[in-house]
Amino acid sequence: MDSVAKNMIDKNAKIYIAGHRGLVGGAIVRQLEKAGYTNLLTATSRELDLREQAAVRDFFAAHKPDYVFLAAAKVGGILANDTYPAEFLYDNLMMEANVIDAAYRNGVQKLLFLGSTCIYPRMAPQPLKEEYLLTGPLESTNEWYAVAKIAGIKLCQAYQRQYGARFISAMPTNLYGPGDNFDLEKSHVMPALIRKFHEAKVSGASTVTVWGSGKPLREFLHVDDCAAACLFLMERYEDNEIVNIGFGSDVSIADLAALVKQAVGYEGEIVYDSSKPDGTPRKLVDTGRIMALGWQPRIGLEEGIRDAYGWFLEHVETAPGEMLLAAGLLFGCGGAEERKAKYLERSKAFIAEEDWDKARVEIRNVLQIDPKTAEAHYLLGQVEEKRQEWRRAYGAYSKAVELDPDNLPARERLAQFYMLQANAHRGQDQRTEEANALGQAQNEIDEILKRDPSHPGARALQASMLSREGKTQEALALAEAVVRDAPDHTAAAGLLAALYEQAGRTADAEKVLVEGAAKSSEPLPLQLHLAQLYARDKQPEKAEQVMRDVIAARPDELRHRISLAQFLSNATPRNRSTRL
């Protein structure tokens with residue numbers, strides 16, 4: 001490695017991502033969009049068969065991409081490689097050769113070819129260094145794929161050597177994450193385990209069988225980390241030597257299975273089938289080359305598995321018939337209702353513990369068994385709202401109301417969403433859109449009050465609507481009545497305090513917030529409101545004390561510590577300590 005260039009890609013450059021629907025290609029698209037690149041070029045396999053040389057040449061001649069990420073490949077696990085050797089060798093050879101040659105012929109500025117760490121010899125020393133390439137025999141269970149990838153590496157090096165093309169190659173370790181292939185016949189170990197444990201959980205199976213002895217060691221890298229590394233190399237690396245991309249540590253298949261079991265929430269036993277092949281005993285890559293350039297992975301294995309399982313629940317299960325058939329539920333196997341009730345109970349427990357990721361998994365399990373469970377959609381809306389996934393939350397609440405028109409909590413949340421939309425439209429001076437959103441909010445309020453005239457949430461929202469219309473006294477009277485009837489209602493207390501503040505009745509606002517926070521099961525919004533009131537009323541000591549009370553109750557929430565630090569730095573004398 002004798003040169004490192006920092007050639008940042010122009011944000012308007014045309015970038016072609018070959019294989020954008022695959023695991024790595026999809027992650028590269030997300031990474032590029034996140035980094036502000038907007039001129040992205042993609043084509044599905046139906047639109048462009050990369051195995052056809054003429055079609056690839058025509059595509060490059062017509063579109064003239066500036067940069068290329070070559071992530072297209074035919075991939076699979078041990079079983080798929082062993083079953084389809086000709087396809088793994090031929091398809092990958094054709095795709096990479098056609099794209100690399102067309103890139104050179106059409107003046108592509110730079111190309112990154114994605115290989116795989118299976119290119120290294122079976123018994124190479126660990127960790128695997130880039131210079132170990134072609135120093136020994138390959139692992140027999142994936143040699144066809146490995147040979148094709150080695151050919152792609154050498155082709156990039158040949159075009160760089162003969163023509164000066166800026167074609168580089170990166171070798172990712174085992175990848176997993178959003179967009180993975182969960183087909184049990186064709187998938188790698190991570191997605192296969194996720195699906196196996198999930199199906200066992202849904203069906204109530206007492207054991208899960210894992211191929212092999214569980215002893216082999218594997219390294220796993222979240223695909224979003226891999227995509228970040230690819231962009232990093234495209235911008236900063238110029239040499240013709242290959243570069244490993246990895247996490248830097250490995251884990252046994254047995255330990256991996258235990259982590260997946262925990263993430264999925266499966267409670268049965270793991271059985272190992274030693275009659276099945278283990279594959280390479282260990283495969284850990286040396287990442288010294290890329291890390292010396294300044295790149296580091298960011299996503300830990302436990303976090304990454306939870307993310308991958310969440311994506312599986314959202315996307316793979318969009319074909320519920322297939323999954324329910326695999327779980328034995330379409331034919332009325334006993335225990336479905338009991339499992340559904342159990343998952344609902346667990347989801348509520350996780351919500352109470354504010355463990356949103358685990359709650360989301362349990363709710364998805366309920367919907368896998370019965371997608372028409374209105375209560376589960378409502379709970380999902382709560383979870384997505386806490387995760388700040390507003391569109392998903394809105395969709396979940398809407399579905400809950402569609403399935404159960406009498407689900408008043410879901411209607412209340414929808415009304416609140418519509419009012420927030422109205423506020424956004426008002427800020428952008430979009431009168432028609434604002435009026436439409438307010439109309440939808442009023443419809444939900446009316447539906448709630450039709451079913452429960454004393455509903456405190458709906459009455460508080462009605463008071464807010466009256467305030468928007470300039471009917472201040474009516475709004476104030478209604479808000480006071482709601483707080484009298486439901487002194488523990490957070491939203492009503494907050495609204496009444498705001499109305500008092502608008503009327504200059506600061507002492508009354510303070511009283512409502514203090515009493516409401518003491519009685520409410522969700523005191524945090526009222527406490528924060530109270531701190532703001534004290535700050536506006538030039539009572540910094542009281543504001544500080546309220547914020548310290550919030551932090552004491554929620555010591556793990558960094559945002560409140562940051563808020564207090566900012567408040568202290570802006571509102572207190574310089575000689576006061578701001579240490580938390």
Check: Tyr418/Tyr394 side-chain N/O donor and acceptor closer than 3.5 Å: yes
Ring geometry between Tyr16 and Phe60 (parallel below 30°, tilted from 30 to 60°, perpendicular above 60°): perpendicular
salt_bridge(Asp250, Lys283) N-O dist < 4.0 Å: no
Lys/Arg N to Asp/Glu carboxylate O, Asp286 vs Lys129, below 4.0 Å: yes
Modelled atom types, side-chain donor and acceptor of Glu433 and His425, under 3.5 Å: no
Phe182 and Phe312 aromatic ring geometry - parallel, tilted or perpendicular at 30°/60° bounds: tilted
Validation row, ring centre Tyr397 to ring centre His377 under 6.0 Å: no
Separation between OG of Ser169 and CD of Glu130, rounded to the nearest 0.5 Å: 11.5 Å
Donor on one side chain, acceptor on other, Asn12 and Tyr37, under 3.5 Å: no
Glu238 (side chain) donor-acceptor with Arg166 (main chain) under 3.5 angstrom: no
Residue pair Ile270 / Thr207, side-chain heavy-atom distance below 4.5 Å: no
Parallel, tilted or perpendicular: ring planes of Phe88 versus Tyr145, cut at 30 and 60 degrees: perpendicular
Reported CH2-to-CD1 distance for the pair Trp356 and Ile363, which is rounded to 0.5 angstrom: 9.5 Å
Spacing of Asn142 atom CG and Lys149 atom NZ [to the nearest 0.5 Å]: 12.5 Å
Test: Glu362 and Lys201 ion pair at under 4.0 Å: yes
Aromatic ring proximity, centroids under 6.0 angstrom, Phe220 and Phe247: no
